[in-house]
Amino acid sequence: MKRILAAASALLLVLTGCGSARGQSDGIVVTTNILGDITRNIVGDAAPVTVLMKPNADPHSFAISAQEAARLESAALVVHNGLGLEEGVLRHIRAAEQADVPVLSVGDQIDPIRYTADDVEGKPDPHFWTDPKRVRKAVEVISERVVEHVGGIDADKVRANTTRYLEEIDRLDTWTAERLASIPAQHRKLVTNHHVFGYLAQRFGFQIVGAVIPSGTTLASPSASDLASLAEAVRTAGVGAIFADSSQPDRLARVLAEQAGVHVQVIALYSESLTAAGGGAATYVEMTRANTEAIVRGLARA
């Protein structure tokens with residue numbers, strides 16, 4: 001009887017291991033919620049998609065549980081932003097790569113630009129989602145990797161979802177360009193909480209005057225001299241609005257507005273994270289539309 005029980009236990013372990021094999025039951029794991037929404041639009045119900053970053057979280061600092069880290073190492077495919085964005089989970093992504101899990105760094109695939117100012121000058125900018133045209137490329141790359149690596153997935157369904165979503169992104173891109181074109185050229189000047197809108201600036205003809213936090217990450221902090229220098233730049237450029245991330249305190253942006261010595265609005269943007277449903281930016285498309293309208297509202301009559 002003991003031998004029978006032992007054999008049965010061994011067989012159960014084998015079957016359990018087979019059931020969690022990559023590409024069968026663990027599906028796709030995505031780090032950030034922006035990429036999570038994009039991936040879910042591509043995959044639909046063809047495979048499970050797990051998103052690690054919660055709504056309104058900071059992609060630079062969010063952490064994951066031991067269970068979530070284990071899920072990374074058994075996934076059929078891991079999709080992450082890359083370019084140094086997910087600082088809090090980078091070691092877990094590397095562990096997944098070492099476990100031979102297919103890992104897609106989307107940022108590396110979309111012709112990334114480099115920062116041109118402050119302490120991040122020359123480093124790749126991970127915030128590519130502020131340009132819908134680069135998101136279009138991201139959709140194509142994610143779709144290709146899903147079909148390639150996720151075993152047993154309905155490739156035709158994924159491709160149909162991809163075609164539909166690309167059409168939606170194209171409409172978003174056209175609409176965004178039309179709305180931003182309503183801002184006079186002399187008013188297309190951006191000051192943000194940190195350097196996050198470089199892709200938007202390059203694509204739609206904006207000047208980046210500066211950032212409250214002179215860095216590409218929210219983990220840095222500005223000095224008094226940083227704020228004084230930026231306040232002078234704001235006065236000189238005649239900037240009418242400062243844009244602060246909706247998920248981050250805007251105290252520093254308000255301090256800058258006071259130091260600039262002129263009337264400057266502080267306007268919230270959904271710059272790095274989606275919200276929960278009903279929060280104003282529950283999807284990438286909703287986020288882009290909300291940000292575009294906020295920028296137009298802040299600068300069209302600056």
Side-chain angles (χ1 to χ4, degrees), residues 28-44 49-64 68 72 77-90 93 103-113 124-143 145-146 161-162 165-166 168-170 172-173 176 192-200 203 216-218 243-248 268-295:
I28 303 159
V29 178
V30 188
T31 55
T32 70
N33 52 41
I34 294 174
L35 283 179
D37 174 63
I38 291 169
T39 303
R40 282 173 170 157
N41 273 280
I42 294 165
V43 174
V49 176
T50 299
V51 180
L52 300 179
M53 179 180 157
K54 303 297 186 291
N56 299 310
D58 185 336
H60 298 281
S61 60
F62 82 98
I64 61 176
E68 289 170 326
L72 274 170
L77 175 67
V78 170
V79 178
H80 72 118
N81 191 93
L83 304 181
L85 182 74
E86 303 101 323
E87 297 167 74
V89 298
L90 182 57
I93 295 169
V103 173
L104 170 61
S105 172
V106 179
D108 288 304
Q109 307 296 318
I110 50 80
D111 187 24
I113 64 175
D125 184 344
H127 307 96
F128 64 85
W129 57 85
T130 63
D131 177 4
K133 184 165 285 187
R134 279 189 164 84
V135 170
R136 189 185 207 286
K137 176 61 177 175
V139 170
E140 293 173 337
V141 171
I142 294 170
S143 178
R145 298 297 176 87
V146 166
N161 291 340
T162 300
Y165 193 51
L166 286 173
E168 185 173 6
I169 296 300
D170 287 342
L172 176 69
D173 185 48
T176 300
T192 54
N193 242 33
H194 70 292
H195 290 300
V196 70
F197 283 94
Y199 289 90
L200 180 145
R203 173 76 193 290
T217 172
T218 56
F243 297 98
D245 190 280
S246 63
S247 64
Q248 298 292 327
L269 295 181
Y270 304 102
S271 59
E272 293 197 297
S273 177
L274 300 183
T275 66
T283 69
Y284 168 71
V285 170
E286 186 180 17
M287 179 185 77
T288 301
R289 286 183 173 276
N291 286 343
T292 300
E293 292 293 4
I295 291 171

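This is a predicted model, so every value here is computed, not measured.
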Verify, without hydrogens or angle tests, whether [X] (side chain) and [Y] (backbone) share a donor-acceptor contact under 3.5 angstrom.
X: T50; Y: V29; result: no
X: N81; Y: P126; result: yes
X: T292; Y: T288; result: yes
X: Y284; Y: W129; result: yes

Looking only at heavy atoms, what is the nearest atom pair of [X] and [Y], with distance?
X: D125; Y: H127; value: OD1-ND1, 2.7 Å
X: G36; Y: V30; value: N-CG1, 3.5 Å
X: T31; Y: F62; value: O-CZ, 3.8 Å
X: A294; Y: L269; value: CB-CD2, 3.5 Å
X: Y270; Y: A281; value: CG-CB, 3.5 Å

Approximate separation, where rounding is to 0.5 Å, of [X] [atom1] and [Y] [atom2]:
X: I42; Y: N161; atom1: CD1; atom2: CG; result: 9.0 Å
X: E293; Y: T176; atom1: CD; atom2: OG1; result: 9.0 Å
X: L35; Y: I142; atom1: CG; atom2: CD1; result: 5.5 Å
X: D131; Y: D111; atom1: CG; atom2: CG; result: 10.5 Å
X: D108; Y: L83; atom1: CG; atom2: CG; result: 5.0 Å

Would S105 and H80 count as a side-chain contact (heavy atoms from CB on, under 4.5 Å) if you check the C-alpha gap in whole Å, the side-chain angles of each, and the deciding distance to 0.1 Å?
CA-CA 5 Å; S105 172; H80 72 118; 3.4 Å; yes
Candidate list N33, N56, D245, test side-chain hydrogen bond (donor to acceptor under 3.5 Å, both in side chains), partner S273, passing option
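That would be N33.
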Among R203, K133, R134, which one satisfies side-chain hydrogen bond (donor to acceptor under 3.5 Å, both in side chains) with D173?
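Single pass found, and it is R203.
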Counting C-beta onward and ignoring hydrogens, is there a side-chain heavy-atom pair between [X] and [Y] closer than 4.5 Å?
X: I64; Y: L72; value: yes
X: V106; Y: F128; value: yes
X: L85; Y: E272; value: yes
X: T162; Y: V139; value: yes

Non-neighbouring partners of T130 that pass side chain to side chain contact (heavy atoms under 4.5 Å, CB included), sequence neighbours left out:
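So T130 forms a side chain to side chain contact (heavy atoms under 4.5 Å, CB included) with F197, Y199, L200.
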Partners meeting side chain to side chain contact (heavy atoms under 4.5 Å, CB included) with E140 (sequence neighbours left out)
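With neighbours one apart ignored, the set is R136, K137, L166.
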Inspect the contact between E168 and R289 and indicate whether a charged nitrogen and a carboxylate oxygen are less than 4.0 angstrom apart.
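Not counted as a salt bridge, because no side-chain N and carboxylate O are separated by less than 4.0 Å.
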Would you tell me whether N291 and S271 have side-chain atoms, one donor and one acceptor, within less than 3.5 Å of each other?
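S271 and N291 do not have a side-chain donor-acceptor pair below 3.5 Å.
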If you measure only the distance, is there a donor-acceptor pair under 3.5 Å linking the side chains of D58 and H60?
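Looking only at side-chain atoms, H60 and D58 do not form any donor-acceptor pair under 3.5 Å.
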Could you go step by step and tell me if L104 and Q109 meet the side-chain contact (heavy atoms from CB on, under 4.5 Å) rule?
CA-CA 9 Å; L104 170 61; Q109 307 296 318; 4.0 Å; yes
Among all residues two or more places apart in sequence or in another chain, which pass the salt bridge (charged side-chain N to carboxylate O under 4.0 Å, His left out) test with D37?
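Scan of D37 (salt bridge (charged side-chain N to carboxylate O under 4.0 Å, His left out), adjacent residues dropped) gives none.
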